[in-house]
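Encoded as structure tokens, the structure appears first; notes follow it.
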Amino acid sequence: MTNRRDFLQTASALAAAGFLPRALPAMPTQLGSIGAEPFRARPCVVASANGLRGVQVAYDQIVAGTDPLDAAIAGVNIQELDPDDQSVGLGGLPNAEGVVQLDASCMHGPTRRAGSVSCIEDIATPSLVAKAVMDYTDHVMLVGPHARRFAIEMGFTPQNLLTDKSRQDWLRWRARLNPNDAWLDYDGNVNIRFHTGTINMNAVTAGGDMASVTTTSGMSWKVPGRVGDSPIIGAGQYCDNTVGAAGSTGRGEANIKACGAFLAVEFMRQGLGPEEALLRVMQRVIAMTEDRLLGPNGRPRFDLQFYALAKDGTFAGATAYEGASFAVCDERGARLEKCAFLFKASERPR
Ligand code: GLY
């Protein structure tokens, strides 16, 4: 099994082996500016905390002139191809039947285009498949076996995404499900709760061109066919080149009902800064949450984080409870910063 130390060295070999499609012809990008005067922004990349390595890669690319979506996707590819990140791509935690099903979506601000795939199996880089849907079809979203077939037609190489570690975690979860079934209970330490993990990344160039991408293996142990927020344009990510970009990680079911990424961009359009916009989105999510997911104090029982980047290069991350962080890279380098929050950690329902 590939370990973390080997991973970076083998990433280029993975590309050469076909996990990243090399045969696709480059699409012409249409980087534009708003109005007659060229817009000047602070180049910046913002992501979920697991994007700390990726924001540096994406930032280096945008300052070198790479299209912001290509740069952001290069950033999230690092996690998609990392077998030790169990929230995305290769090594992602599987569904209830032990099958890894991935979701991803992206938006390209300058050309106002979007692409998405959902429940795709066997392809480690669904972010690139989402971009291929955007680049090569008249559609926005492809799902399930058809998305897989499309990816293979476009030159992606299918592979088994279930690493030994994720398979062991799934077997232990299954063994603990029912004390009366034929599987002997695993008595070691295993978290049988559902896990959600994801990577969202948003980028703005010096010219003010923007992009966003979100990719995930979704909720662990999910009902096969479950679709989270990541592939939903306006929920898992959203980008408007005139305003900003936003995205989310965490419990997708909570976010879908609030169209959180779209709402964040709309709040920024109305003049709110990224932090205030995201906190208002979090409040809207809670207002739209069913009682079973709220504690007696009305606080949510789940985790959900939002990230926003305005066209001028200002940014924020926000969540319900104190303690979360997000990744950013700008002229000060790649680093983790603290998310804004609504409640102290002690207010979280048990
Ligand atoms: N936010 C990732 C998911 O819920 O699938």
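The structure displayed is predicted, hence computed values, not measured ones.
- Under the 4.5 Å side-chain heavy-atom criterion for ILVMFWY residues, a single connected hydrophobic cluster contains both L279 and F306.
- How far CG of L142 is from CD1 of I120: 8.5 Å, rounded to the nearest 0.5 Å.
- Using a 4.5 Å heavy-atom threshold, the side chains of M107 and D240 count as separate.
- S248 and N255 are linked by a side-chain donor-acceptor pair at a separation below 3.5 angstrom, with hydrogens and angles left out of the test.
- Shown here is D181, whose CG atom has more than 12 heavy atoms of other residues, nucleotides or ligands within 6.0 Å.
- Atom CZ of R167 is surrounded by more than 12 heavy atoms from other residues, nucleotides or ligands within 6.0 Å.
- The pair E253-K222 does not count as a salt bridge, with every side-chain nitrogen at least 4.0 angstrom from each carboxylate oxygen.
- For the residue pair D303 / T319, no side-chain donor-acceptor distance below 3.5 Å is found, with atom types taken as modelled.
- The heavy-atom pair separating A124 from L81 by the smallest distance is CB-CD2, 3.9 Å.
- How far CZ of F341 is from CD of Q305: 14.0 Å, rounded to the nearest 0.5 Å.
- Taking both residues in full, the closest heavy atoms of A203 and V45 are given as CB-CG2, 4.1 Å, listed atom of the first, atom of the second, then distance.
- Counting heavy atoms from C-beta on, the side chains of D85 and N50 come closer than 4.5 Å.
- D82 places none of its side-chain heavy atoms less than 4.5 Å from the side chain of I78.
- Residues Y238 and L278 do not share a hydrophobic cluster, defined by chaining ILVMFWY side chains whose heavy atoms lie under 4.5 Å apart.
- Side chains of M201 and V46 form no contact here, defined as non-hydrogen atoms less than 4.5 Å apart.
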*Check the pair T215, S230 against side chain to side chain contact (heavy atoms under 4.5 Å, CB included), reporting the backbone distance first and the verdict last.*
CA-CA 6 Å; T215 176; S230 302; over 6 Å; no
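- Remark: Q86 engages L93, K165, S166, D169 in a side-chain contact (heavy atoms from CB on, under 4.5 Å) (not counting sequence neighbours).
- For the pair D122 and F156, the minimum side-chain heavy-atom distance is 4.5 Å or more.
- One hydrophobic cluster, built from ILVMFWY side chains closer than 4.5 Å, holds both I123 and M154.
- Not one N or O on the side chain of T289 forms a donor-acceptor pair closer than 3.5 Å with the backbone of L293.
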*Can you list the steps and then say if W183 with L177 is a side chain to side chain contact (heavy atoms under 4.5 Å, CB included)?*
CA-CA 9 Å; W183 295 99; L177 270 185; over 6 Å; no
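- By the 4.5 Å heavy-atom criterion applied to side chains, V140 and V133 are not counted as neighbours.
- Among pairs with a residue in residues 43-93, none fulfils ring pair (Phe, Tyr, Trp, His ring centres under 6.0 Å), at least two apart in sequence or across chains.
- Rounded to the nearest 0.5 Å, atoms CG (N202) and OG1 (T214) are 7.0 Å apart.
- Looking only at side-chain heavy atoms (C-beta outward), Y307 and T249 come within less than 4.5 Å of each other.
- For CZ of R280, the number of neighbouring non-hydrogen atoms (other residues, nucleotides, ligands) closer than 6.0 Å is 12 at most.
- Between the CZ atom of R42 and the OG1 atom of T205 there is a distance of 13.0 Å, given to the nearest 0.5 Å.
- Within the cation-pi definition used here (under 6.0 Å to the ring centroid, within 45° of the axis), R172 does not qualify as a partner of W170.
- Connection of W221 to L171 is established within a shared hydrophobic cluster, with ILVMFWY side chains joined at heavy-atom distances below 4.5 Å, either directly or through further cluster members.
- Of all the heavy atoms in A147 and V117, the pair that sits closest is CB-CG1, 4.1 Å.
- Taking the charged nitrogens against the carboxylate oxygens, R335 and D330 do have a contact shorter than 4.0 Å, which makes a salt bridge.
- The pair E266-R269 meets the salt-bridge criterion, since a charged nitrogen lies less than 4.0 angstrom from a carboxylate oxygen.
- Of all non-hydrogen atoms in P224 and E97, the two that sit nearest each other are CG-CD, 3.6 Å.
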*Go through V57 and R53 one step at a time and tell me if the side chain to side chain contact (heavy atoms under 4.5 Å, CB included) criterion holds.*
CA-CA 7 Å; V57 168; R53 291 179 297 175; 5.8 Å; no
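- Note that SG of C329 is 6.5 Å distant from CG of D60, once rounded to the nearest 0.5 Å.
- Nearest heavy-atom pair, P349 versus G295, reported as atom, atom and distance to 0.1 Å: CG-CA, 3.6 Å.
- For E322 and K338, the salt-bridge test fails: no basic side-chain N is under 4.0 Å from an acidic carboxylate O.
- Between the K311 side chain and the G208 main chain, a donor and an acceptor come within less than 3.5 Å of each other.
- Here OG of S127 is found 9.5 Å from CD1 of I199. Values are rounded to the nearest 0.5 Å.
- Using a cut-off of 4.0 Å between Lys/Arg side-chain N and Asp/Glu carboxylate O, E121 and R148 are scored as not salt-bridged.
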*Decide side chain to side chain contact (heavy atoms under 4.5 Å, CB included) for F267 and E276; before the verdict, give the C-alpha distance in whole Å, the side-chain angles of both, and the deciding distance to 0.1 Å.*
CA-CA 8 Å; F267 282 148; E276 185 61 24; over 6 Å; no
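- In this structure, the side chain of R301 engages the main chain of R350 through a donor-acceptor pair within 3.5 Å.
- Checking Q237 against S212 by side-chain atom types alone, a donor-acceptor pair falls below 3.5 Å.
- For the pair N241 (side chain) and T111 (backbone), a donor-acceptor distance under 3.5 Å is absent.
- Judged purely by distance below 3.5 Å, without hydrogens or angles, the side chains of T125 and E80 never pair a donor atom with an acceptor atom.
- Each of V328 and V55 belongs to its own hydrophobic cluster when Ile, Leu, Val, Met, Phe, Trp and Tyr are linked at side-chain heavy-atom distances under 4.5 angstrom.
- A donor-acceptor contact shorter than 3.5 Å links the side chain of S116 to the backbone of P231.
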*Does the pair D229 and R251 meet the rule for a salt bridge (charged side-chain N to carboxylate O under 4.0 Å, His left out), with working shown?*
CA-CA 8 Å; D229 58 336; R251 184 180 166 82; over 6 Å; no
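- No donor-acceptor distance shorter than 3.5 angstrom exists from the side chain of T66 to the backbone of A71, with no hydrogens or angles considered.
- Note: Y321 and F343 have tilted aromatic rings, judged against thresholds of 30 and 60 degrees for the angle between ring planes.
- Minimum heavy-atom separation, A211 to P68: CB-C, 3.6 Å.
- Side-chain polar atoms of H108 and D135 form no donor-acceptor pair below 3.5 angstrom.
- For the residue pair D103 / S118, a side-chain donor-acceptor distance below 3.5 Å is found, with atom types taken as modelled.
- Donor-acceptor pairing under 3.5 Å is lacking for the side chains of Q101 and R226.
- Ring geometry, F326 versus F315: the interplanar angle exceeds 60°, so the pair is classed perpendicular (tilted spans 30 to 60°).
- The shortest distance between side-chain heavy atoms of V285 and L304 falls below 4.5 Å.
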